[in-house]
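One structure below.
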Amino acid sequence: MIRVRFAPSPTGYLHIGSARTFIFNWLFVRKHQGTMVLRIDDTDLDRNSEASLNSIYEGLNWLGLGWDEFYRQSDRLDLHRKVAYDLLERGLAYRDFTPASDLDDRPHSEAQWLCNPEMRSLSKEQSDARAAAGEPFVIRFRVERDAPYEVEFHDQVYGPQSKLTADIEDFALLRSNGMPTYHLASCADDIDLRITHIVRGQDHLSNTFKHVLIFQAAAERSLPQFAHLPLLIGPDGSKLSKRRHGPVVSVTTYRDHGFLALGYINFLCLLGWSPKDNREQMSLYELTACFSFEGVNRSNAVVNFSEEDPIDPKALWLNSQHLRTIPVGALAPLVRQTLEAHGLTPYGDDAFFNHVVDTIRSRFSTLLDFSSKGRAYFSDDYPIEPQALEKLNAPGARELLRKLADRIEANPEFTESSVEADLRKLAEESGVKAGLLINASRAALTGQTVGPSAFAVFTCIGRERVIQRLRKV
RNA sequence: GGCGCUAUCGUCUAACGGUUAGGACGGAGCCCUCUCAAGGCUUAAAUAGGGGUUCGAUUCCCCUUAGCGCUACCA
């Protein structure tokens with residue numbers, strides 16, 4: 001049984017890199033009918049906040065993929081401590097009484113820090129005595145020093161990995177305030193939750209050697225599988241961060257820009273992974289079916305945005321592809337929500353609404369376009385653009401539009417073809433080109449010079465409103 | 001500084017030793033057309049540099065360079 005976990009720490013919004021990690025975990029586990037664990041890694045008291053936990057849920061809920069089991073590390077502290085003390089008991093870890101402030105003075109840039117030999121060699125009696133006296137300490141993992149060996153694991157993406165114990169420092173397991181470090185909490189939980197595949201960002205690739213040491217020391221069973229994902233970076237080549245790159249790094253930004261969750265998921269999947277057969281637009285089903293770690297790349301992927309253009313153009317394109325191909329029935333409720341959020345109430349029944357959505361969607365790339373560019377289809381209060389005004393100001397245009405209104409009113413039939421017939425007949429009788437009347441109609445009905453076929457516009461606005469709007473010009 | 005990872009068009013990527021180095025986004029142009037999209041077609045655009053191995057390297061090995069990551073009582 002495959003079990004994976006997504007383990008965000010609540011120290012900010014849901015980062016798009018984290019979102020992609022979540023998605024890859026999800027695709028993998030759904031493909032193999034395993035269990036998805038959501039685990040909140042909240043062991044850093046200083047940086048955690050309830051607000052950021054909520055924003056992570058917000059992002060996850062928007063993606064809409066879901067999970068099967070849920071844990072918070074802060075509820076599992078006893079387990080973490082037990083693992084640390086067990087390692088201490090067995091001599092695989094030791095107490096380090098060095099005050100935290102002294103460690104800051106370490107010459108970081110020159111030689112790497114491995115351990116403090118004095119603390120490492122403290123006898124059990126001394127160590128116990130100082131602890132009993134209330135002196136603060138951290139518990140560190142005792143990495144082999146006398147007989148260095150290669151710590152090895154096989155990464156599903158990066159292949160065989162190894163690192164000499166001589167290059168691994170005696171990392172902390174338990175802080176002096178009694179809280180576990182990331183390394184300890186993560187491994188203790190992965191063991192306890194019987195996680196079989198650890199899928200996470202490549203920034204943890206070198207940490208994995210430490211984790212392997214913990215797993216080997218603390219778990220009876222064999223190592224989980226590891227799969228590290230290439231990082232998402234900005235156009236400047238640096239890791240995406242809110243401070244540097246702004247709101248583009250938060251998934252909710254894309255929700256707020258009117259993205260379809262599927263469109264954005266699809267985009268994220270194509271960053272660092274490909275199905276190898278040139279497919280780009282894919283359904284969740286297709287993504288799940290063909291996802292594999294073999295298809296994951298090893299080099300970082302740039303999210304392509306700029307100040308003028310804050311959304312990756314490919315994301316926008318992919319979204320527009322989904323927007324025009326998903327079933328109207330699935331799209332319509334989302335459009336309705338968007339409209340309502342902008343104070344617009346669509347006309348007519350569901351069938352009519354679906355018809356309108358279906359007609360105009362191929363020109364749009366986000367949900368927001370329905371309430372902005374598509375406003376005239378859902379409200380009588382819409383702006384007339386300057387170019388549209390020009391069309392209306394064409395000689396005789398207004399008068400012809402009023403006549404057209406009369407013709408339409410006189411004709412009981414109201415379909416694309418009946419309107420077209422009425423319009424063309426009127427143009428012919430008046431000795432003007434049909435194009436003039438067609439363009440003027442669109443301008444009058446939508447306030448815009450761009451949009452669907454003019455006759456389709458008539459049916460989307462509806463008979464009564466068409467007559468009204470044509471007369472009003 | 002040490003260790004680890006990476007390197008194909010501007011961007012996302014394909015090519016698991018032999019291709020005119022393919023596709024997509026974006027750009028340019030053409031067609032279609034009542035407008036705008038969509039769609040179709042065309043086009044510009046890449047193997048970081050240097051050594052090997054090989055009949056033959058984008059592909060395998062080494063070096064250089066560059067970028068990224070880890071080197072915290074952050075995750």
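As the structure is a prediction and not an experimental result, all values here were calculated from the model. Note: hydrogens, waters and symmetry copies are ignored here, and every other heavy atom, side chains too, is used.
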Roughly how many Å apart are rG69(B) and rA15(B), using the P atom of each and rounding to a whole number?
27 Å
Give Ser176(A) one of three labels, base, sugar-phosphate or nothing, depending on what nucleic acid heavy atoms sit under 4.0 Å from its own.
base
Under 3.5 Å, is there a donor-acceptor pair between the His183(A) and His211(A) side chains?
yes
Remember a base hit wins even if backbone is also touched, and classify His204(A) as base, sugar-phosphate or nothing at under 4.0 Å, heavy atoms.
base
Can you tell me the base-pairing partner of rC36(B)? Count Watson-Crick or G-U wobble geometry only, both distances below 3.5 Å, and say none if there is no partner.
none
Exactly one candidate in Leu284(A), Asn319(A), Ile23(A), Leu318(A) meets side-chain contact (heavy atoms from CB on, under 4.5 Å) with Asn266(A); the answer is Leu318(A)
Residues touching RNA chain B, which here means a heavy atom under 4.0 Å, drawn from residues 382-393 of chain A:
none
Below the 4.0 Å mark, does rA75(B) have OP1 or OP2 next to a side-chain nitrogen or oxygen of Thr43(A)?
yes
Quick one: Ile233(A) CD1 to rU11(B) P, roughly how many Å, whole number?
10 Å
What is the separation between atom CZ on Phe153(A) and atom C1' on rC5(B), rounded to the nearest whole Å?
10 Å
Checking base pairs now: Watson-Crick or wobble, both atom distances under 3.5 Å. What partners rC55(B)?
rG18(B)
Watson-Crick or G-U wobble partner for rA66(B), using a 3.5 Å limit on both distances?
rU6(B)
Which base, if any, makes a Watson-Crick or G-U wobble pair with rU11(B), both distances under 3.5 Å?
rA24(B)
Got a sec? Which of residues 432-451 of chain A come in under 4.0 Å of RNA chain B, heavy atoms?
Ile438(A), Asn439(A), Arg442(A), Thr449(A), Val450(A), Gly451(A)
Using the C1' atom as the point on both nucleotides, what is the distance between rG18(B) and rU59(B), in whole Å?
11 Å
Name the orientation class of the two ring planes belonging to Tyr264(A) and Phe267(A) (parallel below 30°, tilted from 30 to 60°, perpendicular beyond 60°).
tilted
So what's rG1(B) paired with, Watson-Crick or G-U wobble, going by both distances under 3.5 Å?
rU71(B)
Picking from rU13(B), rC68(B), rA75(B), the nucleotide nearest the side-chain atoms of Asn300(A) would be rC68(B)
Taking for each residue the nucleotide of RNA chain B with the nearest heavy atom, is it Tyr158(A) or Thr181(A) whose nucleotide lies nearer the 5' end?
Tyr158(A)
Would one find a side-chain N or O of Arg140(A) under 4.0 angstrom from OP1 or OP2 of rC73(B)?
yes
Please give the distance between the P atoms of rG4(B) and rA44(B) as a whole number of Å.
43 Å
To the nearest Å, how far apart are Lys239(A) NZ and rU6(B) P?
17 Å
Say we look at rU8(B) and rG67(B): how far apart would their P atoms be, to the nearest angstrom?
15 Å
A side-chain contact here means heavy atoms from C-beta on lying under 4.5 Å apart; do Phe22(A) and Trp67(A) qualify?
yes
Pick the closest RNA chain B nucleotide for Ala454(A) and for Ser162(A) by heavy atoms, then say which residue is nearer the 5' end.
Ser162(A)
With a 4.5 Å cut-off on side-chain heavy atoms, are Leu38(A) and Leu60(A) touching?
yes
Arg279(A) CZ to rC25(B) P, straight-line distance once rounded to whole Å
17 Å
Could you tell me how far rG23(B) sits from rC60(B) if I compare only their P atoms? Round to whole Å.
23 Å
Answer with yes or no whether Lys314(A) presents, from its side chain, a donor or acceptor under 3.5 Å of a partner atom in the base of rC12(B).
yes
Say you pick atom C1' in rA46(B) and the same atom in rA37(B); how far apart are they, in whole Å?
31 Å
Mind calculating the distance between NE2 (His211(A)) and C1' (rU71(B)) to the nearest angstrom?
13 Å
Any heavy-atom pair between the side chains of Phe6(A) and Thr21(A) that's under 4.5 Å?
yes
Establish, for the pair Lys242(A) and Tyr13(A), whether the NZ or CZ atom is under 6.0 angstrom from the six-membered ring centre and no further than 45 degrees off its axis.
yes
Nearest to the side chain of Trp317(A) - rU13(B), rG26(B), rG10(B)?
rG26(B)
Cation-pi, Phe70(A) ring and Arg39(A) (6.0 angstrom, 45 degrees):
no
Could you state the CG-P distance from Asp236(A) to rG67(B), rounded to the nearest angstrom?
12 Å
Give one of base, sugar-phosphate or nothing for Asp277(A), where a contact means two heavy atoms less than 4.0 Å apart.
nothing
Give Glu169(A) one of three labels, base, sugar-phosphate or nothing, depending on what nucleic acid heavy atoms sit under 4.0 Å from its own.
sugar-phosphate
Cation-aromatic face contact Arg95(A)/Phe137(A), 6.0 Å, 45 degrees
yes
Of all the nucleotides listed (rA38(B), rC70(B), rC73(B)), which has the minimum atom distance to the side chain of Arg324(A)?
rA38(B)
When you compare rG27(B) with rC62(B), how far apart are their P atoms, in angstrom units rounded to a whole number?
42 Å
Rounded to the nearest Å, what distance is computed from the CG atom of residue Leu270(A) to the C1' atom of nucleotide rU13(B)?
8 Å
Determine whether any donor atom in the side chain of Arg298(A) lies under 3.5 Å from an acceptor atom in the base of rC5(B), or the reverse, and answer yes or no.
no
So what does Gly201(A) touch, heavy atoms closer than 4.0 Å: a base, only the sugar-phosphate, or nothing?
nothing
For Asn278(A) and rU13(B), is the shortest distance between a side-chain N/O and OP1 or OP2 below 4.0 Å?
no
In whole angstrom, what separates Leu205(A)'s CG from rC3(B)'s P?
16 Å
Is the ring pair Tyr182(A)/His204(A) parallel, tilted or perpendicular, if the boundaries are 30 and 60 degrees?
parallel
Test item: Thr253(A) and Phe259(A) side chains (from C-beta on) under 4.5 Å apart, heavy atoms:
no
Base, sugar-phosphate, or nothing for Val138(A), non-hydrogen atoms under 4.0 angstrom?
base
Counting any heavy atom closer than 4.0 Å, what does Phe171(A) reach on the DNA or RNA strands: base, sugar-phosphate only, or nothing?
nothing
According to salt bridge (Lys or Arg N to Asp or Glu O under 4.0 Å), who are the partners of Asp358(A), at least two apart in sequence or on a separate chain?
Arg361(A)
Using atom P of each nucleotide, how far apart are rC41(B) and rC25(B) to the nearest Å?
12 Å
Answer with base, sugar-phosphate or nothing: what part of the nucleic acid does Pro136(A) contact at a heavy-atom distance below 4.0 Å?
nothing
Is the shortest heavy-atom distance from the side chain of Thr449(A) to the side chain of Lys391(A) under 4.5 Å?
yes
Any strand counts, and the cut-off is 3.5 Å on both contacts for Watson-Crick or G-U wobble. Which nucleotide pairs with rC41(B)?
rG29(B)
Asn207(A) (side chain) and rA75(B) (base): donor-acceptor pair under 3.5 Å
yes
